[in-house]
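Note on naming: letters A, B, ... go to the chains in the order of the sequence lines (proteins, then strands), and numbering restarts at 1 for each one.
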2 protein chains.
Amino acid sequence: MTKQSPIVGNVSSDGAFDVVFKALADPTRRALLDALVVADGQSLSGLCDRFPEMTRFGVMKHLAVLASANLVITQRDGRSKRHFLNAVPIQQLADRWIGKYAQPFTRSLVDLKHAVEQTA
Amino acid sequence: MTKQSPIVGNVSSDGAFDVVFKALADPTRRALLDALVVADGQSLSGLCDRFPEMTRFGVMKHLAVLASANLVITQRDGRSKRHFLNAVPIQQLADRWIGKYAQPFTRSLVDLKHAVEQTA
DNA sequence: ACGATAGGTGACTGTTTAGTCACCTGTCAA
DNA sequence: TTGACAGGTGACTAAACAGTCACCTATCGT
């Protein structure tokens, strides 16, 4: 029995965005992204220095999740490895997903306000 | 030992967005949001009809998570309860968070492409 | 008042996921 | 070549979460 089945036919243009959402859901991973904003192309140990509260393995695992979501791109540089932030998935998410919700429903929210006021 | 501590001083203007990210991370909850897009202001049982694979309690729990993230607004209507989609947190997320990442780093990505090509 | 229906609550269970560890591989400098 | 350093892997443990349940409260039609 699948736990997170599609439930209805086509839920949305989802699926591909799921890994991105899940990767973004963790504050630690967003902090990692922030660290790459400050200085892009950092190595693993460089990132570890910025996060003394996290072990190297913790950083590595979160980085792996971000990489699987295509939010960071890695590049070997001798014996170190550089990590670059890739904003493309975030941009796609904003374009396709957020636009789908935010635009048509700011109006709908206003309608709700009226409905609530009338009932209250 | 805190597991998800702030790690560095100020990670970002995060914190308030965490619940929104976490709520959006689940595909089931996004499907619930989609159902409200199709027909806003549905009752719990109405929503349950749209998700026969989920029990009433499952729908209710997900709805509670969405409500705590302020993504759905509820309104009592006699013995039923209407659920309205609130796009404001999504819009805020797009404005403050995504803009912060997506805009300055599409350029940075291009730089990365050059770096990768030169190394390869 | 009565039963039926809509919604709500608390505790329990199984799965997932984050965090940690010992150990391994590859690269650089001497 | 050899030691030191940067990164990687697999298994293990603990906490978080989704899913489920029996039971409860409130409202409607009669």
Kindly say whether [Y] contributes a backbone atom to a donor-acceptor pair with the side chain of [X] at under 3.5 angstrom?
X	Y	result
A/His83	A/Lys81	yes
A/Asn86	A/Ile73	no
B/Arg29	B/Lys22	yes

Send over the distance from [X] [atom1] to [N] [atom2], rounded to a whole Å.
X	N	atom1	atom2	value
A/Gln75	D/dA6	CD	C1'	16 Å
A/Met60	C/dG19	CE	C1'	12 Å
B/Leu66	D/dA18	CG	C1'	14 Å
B/His83	C/dA6	NE2	C1'	11 Å
A/Leu63	D/dG8	CG	C1'	12 Å
B/Phe51	D/dA18	CZ	P	15 Å
B/Asp49	C/dT5	CG	C1'	13 Å

Work out which heavy atom in [X] is nearest to a heavy atom in [Y]; give both atom names and the distance.
X	Y	result
A/Leu32	A/Val59	CD2-O, 4.2 Å
B/Phe84	B/Leu36	C-CD1, 4.3 Å
A/Pro52	A/Asp49	CD-O, 3.8 Å

So that I can tick it off, tell me whether B/Asp18 and A/Arg30 are bridged by a salt bridge, with the cut-off set at under 4.0 angstrom between side-chain N and carboxylate O. yes
Check the phosphate of [N] against [X], side-chain N and O only, distance under 4.0 Å to OP1 or OP2. Yes or no?
X	N	result
B/His62	D/dC17	no
A/Ser45	D/dG7	yes
A/Ser43	D/dG7	yes

May I ask you to say what A/Arg29 touches in the nucleic acid, namely base, sugar-phosphate or nothing, with a heavy-atom cut-off under 4.0 Å? sugar-phosphate
Which residues satisfy the side-chain contact (heavy atoms from CB on, under 4.5 Å) test with A/Ala35, sequence neighbours excluded? A/Gln42, A/Leu47, A/Arg50, A/Phe51
How would you summarise protein contacts on nucleotides 20-30 of chain D per nucleotide, using B for base, S for sugar-phosphate only and - for none, with heavy-atom distances below 4.0 Å? BBB----BB--
Membership question, hydrophobic clusters at under 4.5 Å side-chain separation (ILVMFWY): are B/Leu63 and B/Val37 in the same one? yes
DNA chain C: 5'-proximal contact among B/Leu44 and A/Val65 (nearest heavy atom): B/Leu44
Between the two end axes of the helix from C/dA1-D/dT30 to C/dA30-D/dT1, each built from 5 base pairs, what angle do you get to the nearest 10°? 30°
